[in-house]
Every structure is written in C-alpha cells, then in structure tokens.
Amino acid sequence: MATTTSESPEQTRQIAARFAAHLPPACVVAVSGELGAGKTHFIQGAARALGFADTVTSPTFTLVHEYPTPQGPIFHVDLYRIASPIEAASLGLDETFAAGRATFIEWPERLGPDLPDDALRVHIRIAGDTRREIDLPTPLARP
Ligand SMILES: Nc1ncnc2c1ncn2[C@@H]1O[C@H](COP(=O)(O)OP(=O)(O)OP(=O)(O)O)[C@@H](O)[C@H]1O
Ligand SMILES: [Mg+2]
C-alpha cells in the first residue's frame with residue numbers, strides 16, 4: 001500500500017488514470033472513503049484511462065452503471081443505499097465482476113464478506129478542503 005496526496009479533483013482523476021493503466025483483466029476495485037471523499041472523481045479518471053470518453057456520474061437511481069470501452073465494459077457500482085450484505089448478495093454482482101473489464105465499487109464495505117478476496121483496495125481520506133490522501137495497492141502505485 002502506498003499513499004499519494006491529491007490537491008484537486010483533476011489530480012485525483014490523474015492519479016486514478018495512472019492506477020488504471022496497470023489493472024489486470026476482470027478486476028474488482030473497491031473504492032472506499034467517506035461522503036464527498038472523491039470516490040466518483042477517482043472512478044471518472046480510471047474509466048477515462050480505460051477508454052470510456054463519456055461522462056461518469058454517481059449511480060444514484062441505479063446501483064450499477066455500465067461504461068463501454070474497446071476492451072469490454074467497465075462497471076461502476078454504488079452501494080450507498082444498500083442496507084445490508086444480505087441485500088448486496090441478491091444483486092448478482094458475481095456475474096458483473098466476471099463480465100467486466102474492471103468493476104469499481106463505491107461503499108464496498110456494504111458488501112461485507114461478498115467483496116471478492118482479490119479485490120484491489122483504494123481508500124480516499126479527506127485531508128483538507130481540496131486535499132485528499134489516496135491509498136493505492138503498492139504494485140499498482142508506481143507511475
Ligand atoms: N483533491 C480532490 N479530489 C477529489 N475531489 C475533491 C478534491 N478536492 C475537492 N474535491 C471535491 O470533493 C467532492 C468529491 O465528490 P465525489 O462525488 O467524487 O465524492 P464521493 O466520494 O463519490 O462521494 P459520495 O460518497 O457522495 O458518492 C467534489 O465536490 C469535489 O469537487
Ligand atoms: Mg460517489
């Protein structure tokens with residue numbers, strides 16, 4: 001695990017883009033952090049780097065958004081409104097994980113033990129108005 005500091009939303013997207021360039025196929029990326037930490041901005045940057053040119057927004061009304069890319073779909077899952085791991089288990093996310101070029105999950109702790117063991121874990125901490133500390137898995141943290 002390595003910690004990187006971001007000073008702006010744009011820098012968070014750039015850090016995510018560098019991270020995404022090293023992602024293995026069909027990986028699951030758990031993006032945790034409190035409300036407004038920058039999880040959605042991070043996923044925007046990653047999705048762009050993986051080839052999705054359109055706009056990424058937080059999936060508020062649907063739990064799962066799908067973004068097509070030349071290398072297969074990226075899935076963006078937001079479990080904020082999920083109350084329990086039991087409810088999460090009913091979502092059939094295993095198929096999503098298998099089908100995705102990559103699947104990014106906001107509020108991954110809501111999945112409980114159903115978060116895959118090999119999920120890559122990104123954590124964002126608010127460290128000031130525009131400062132964020134981003135923990136990335138070490139093998140993927142290098143530029
Ligand atoms: N360095 C930074 N990186 C990312 N976002 C930042 C940064 N500095 C300020 N912000 C602001 O923090 C907010 C982050 O919003 P974002 O929707 O990405 O958070 P989130 O973690 O997805 O929140 P939620 O839990 O509500 O889904 C935005 O308003 C953004 O402008
Ligand atoms: Mg969000």
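Atoms within each ligand, like the ligands themselves, are counted from 1 in listed order.
- Under a 4.0 angstrom heavy-atom cut-off, Asp129 registers as being in contact with ligand 1.
- Residue Glu106 touches ligand 1 through its side chain alone, judged by heavy-atom distances below 4.0 Å.
- Using modelled atom types, one side-chain atom of Arg132 and one backbone atom of Ala37 make a donor-acceptor pair closer than 3.5 Å.
- Atom NE2 of residue His123 and atom CG of residue Leu136 lie 12.0 Å apart, to the nearest 0.5 angstrom.
- Residue contact check for ligand 1: Gly33 places no non-hydrogen atom closer than 4.0 Å to it.
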Test ring pair (Phe, Tyr, Trp, His ring centres under 6.0 Å) applied to Phe104 and Phe42, step by step: CA-CA 10 Å; Phe104 294 88; Phe42 185 93; 7.2 Å; no
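- Looking at Glu106 and the Mg ion (ligand 2) together, the shortest N, O or S contact belongs to OE1.
- Taking only non-hydrogen atoms, the option from Gly128, Gly36, Ser6, Ser32 nearest to atom 14 (C) of ligand 1 is Gly36.
- Residue-to-ligand polar distances place His41 within reach of ligand 1: an N/O pair is separated by less than 3.5 Å.
- Outside the 6.0 Å centre-distance limit, the rings of Phe97 and Phe75 are not counted as a close aromatic pair.
- Between the side chain of Ser6 and the main chain of Thr12, a donor-acceptor pair closer than 3.5 Å is present.
- Interatomic distance, Thr5 OG1 to Glu7 CD, rounded to the nearest 0.5 Å: 6.5 Å.
- Using a 4.0 angstrom heavy-atom cutoff, Arg132 counts as in contact with ligand 1.
- Ligand 1 places these atoms under 4.0 Å from at least one heavy atom of Thr12: 1 (N), 2 (C), 3 (N), 4 (C).
- If you check each of Gln44, Glu133, Arg13, Lys39 against atom 25 (O) of ligand 1, the one with the closest non-hydrogen atom is Lys39.
- In Trp107, the part holding a heavy atom less than 4.0 Å from any atom of ligand 1 is the side chain.
- Taken together through direct or relayed side-chain contacts under 4.5 Å among Ile, Leu, Val, Met, Phe, Trp and Tyr, Ile126 and Tyr80 form parts of separate hydrophobic clusters.
- The residue Ile124 has no part lying near ligand 1, judged by heavy-atom distances below 4.0 Å.
- For Leu35, heavy-atom contacts with ligand 1 shorter than 4.0 Å involve the backbone as well as the side chain.
- Among the backbone and side-chain atoms of Tyr80, none of the N, O or S atoms lies under 2.8 Å from the Mg ion (ligand 2).
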Salt bridge (Lys or Arg N to Asp or Glu O under 4.0 Å) between Arg125 and Asp135, intermediate numbers included: CA-CA 8 Å; Arg125 277 184 304 280; Asp135 297 336; 2.9 Å; yes
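- With distances taken over non-hydrogen atoms, the option nearest atom 2 (C) of ligand 1 out of Gly45, Ala127, Ser8, Gly38 is Ser8.
- Listed for the Arg110 side chain is no donor-acceptor partner under 3.5 Å among the backbone atoms of Glu106.
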